[in-house]
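Data first, discussion second: the structure below is written as structure tokens.
Sequence positions, counted from 1, serve as the residue numbers for this chain.
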Amino acid sequence: MKSVLVGMSGGIDSSVCAYLLKEKGYNVIGIIFKLFEDENRCCEISDVKNIASKLGISHYALDIKDSFKTMVIDEFVKGYKNGITPNPCIMCNKYIKFEFLLKKAKELDVEYIATGHYARIENGRLKKGVDKRKDQSYFLYPIKEEYLNYILMPLGCRAKDEVIKIAKKLGFPIKKESSEICFIPDNDYKSYLLEKCKDLVKEGPILDKEGNVLGTHNGISFFTIGQREGIGISEKKPLYVIEIAKDKNAIIVGEEKELYKDELTVKDINLFFNIDKPRNVFCKIRYKNPESMAIIRKIGEDKISVKFEKPQFAITKGQSAVFYDGDIVLGGGIIE
């Protein structure tokens, strides 16, 4: 009997993941990561204990608070301080979740790891989940290719509604799903950033493209590209944040049409294919954005240029551009 270490949070996705793998005959071991001092904000150990008891599986709790703070939380705050908009879920998948799962699996002499993500791994390829509403492949592109053969994602071939039905049948608690970042209470970015870094409050100008001063802001960290509400100025026509100029400590605003661009560059790339010549792909620049056709080219060793067929709205530094060929994830990187 082969063994699998399942990352669990107490929610229905990871719980049903563990159940399905046990039904397939695996020796299932659950593990929950301790990420914060206040465990109740995200992963509740008591919930995992109860689920493990229902399933008749063993489980562990692994304290990785220090690593999570250094690699995810601190980098998140640093990104906003530098005028970019990072995606902490992607940072977590790259530096924390799969690295620590595989490390623990090796210690326990376990053959596989598993998560409750809505994505598929087939024949060493990362693919979209069949439930297009829940597909999470966008967040998973940083996984190292050599890890794919050791990862199981049994929810990738199922619809969310089916997973909920299984959870109800098994008597698992059905919690309201949250789209919030797990370490930010009440999704209050501003309060969280101020708590972590007091010097983010630094007054500066709000400028138009010609350099005219239209108002003042209280810190570039509290703005993002494409933002319209809460800028703090009143003009006859709607204005949007079109640039965050860290060197000037300035917010640049303009009309909506100025947010459309057809090119970007990505760094910190992770690819599942060789890009020795330009390639046509579908590219997604934000999780909830639709994919768009583009041509990608490698620039040197660690960057890729992306040229879109049609201009894209609010391309944002710090977010990720992810490349697809149909359902297959080709890789991606951080927009710079």
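- Seen from the ring of Y26, K2 does not count as a face-on cation partner, given the 6.0 Å and 45° thresholds.
- In summary, D262 and K307 engage in a salt bridge, as defined by a charged side-chain N under 4.0 Å from a carboxylate O.
- Cation-pi geometry between K128 and Y324 is met: the NZ or CZ atom falls under 6.0 Å from the ring centre, inside 45° of the normal.
- Between D302 and K267 no salt bridge is recorded (no basic side-chain N to carboxylate O distance below 4.0 Å).
- By the 6.0 Å and 45° rule, R279 stacks over the aromatic ring of F273.
- We find the CG-NZ distance between N274 and K298 to be 8.0 Å, quoted to the nearest 0.5 Å.
- Expressed to the nearest 0.5 Å, how far CD1 of I51 lies from CD1 of I32 amounts to 11.0 Å.
- Aromatic rings of F33 and F68 (six-membered ring for Trp) have centroids beyond the 6.0 Å cut-off, not under it.
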I'd like a table of donor-acceptor pairs (distance under 3.5 Å, sequence neighbours excluded) in which one partner is a side-chain atom from residues 75-86, with atom names and distances.
unit_1	atom_1	unit_2	atom_2	d
K81	NZ	D199	OD2	3.4
N82	ND2	K78	O	3.3
T85	OG1	T224	OG1	2.9

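- A salt bridge does not link K317 to E336: none of the charged nitrogens lies less than 4.0 Å from a carboxylate oxygen.
- In summary, K196 and D74 do not engage in a salt bridge, as defined by a charged side-chain N under 4.0 Å from a carboxylate O.
- With a 6.0 Å cutoff to the six-membered ring centre and a 45° limit on the axis angle, K104 counts as a cation-pi contact of Y60.
- Salt-bridge formation is not detected for the pair R228/E256: no Lys NZ or Arg NE/NH1/NH2 atom is positioned less than 4.0 Å from an Asp or Glu carboxylate oxygen.
- Under the 4.0 Å criterion applied to side-chain N and carboxylate O atoms, R133 and D161 are assigned as salt-bridge partners.
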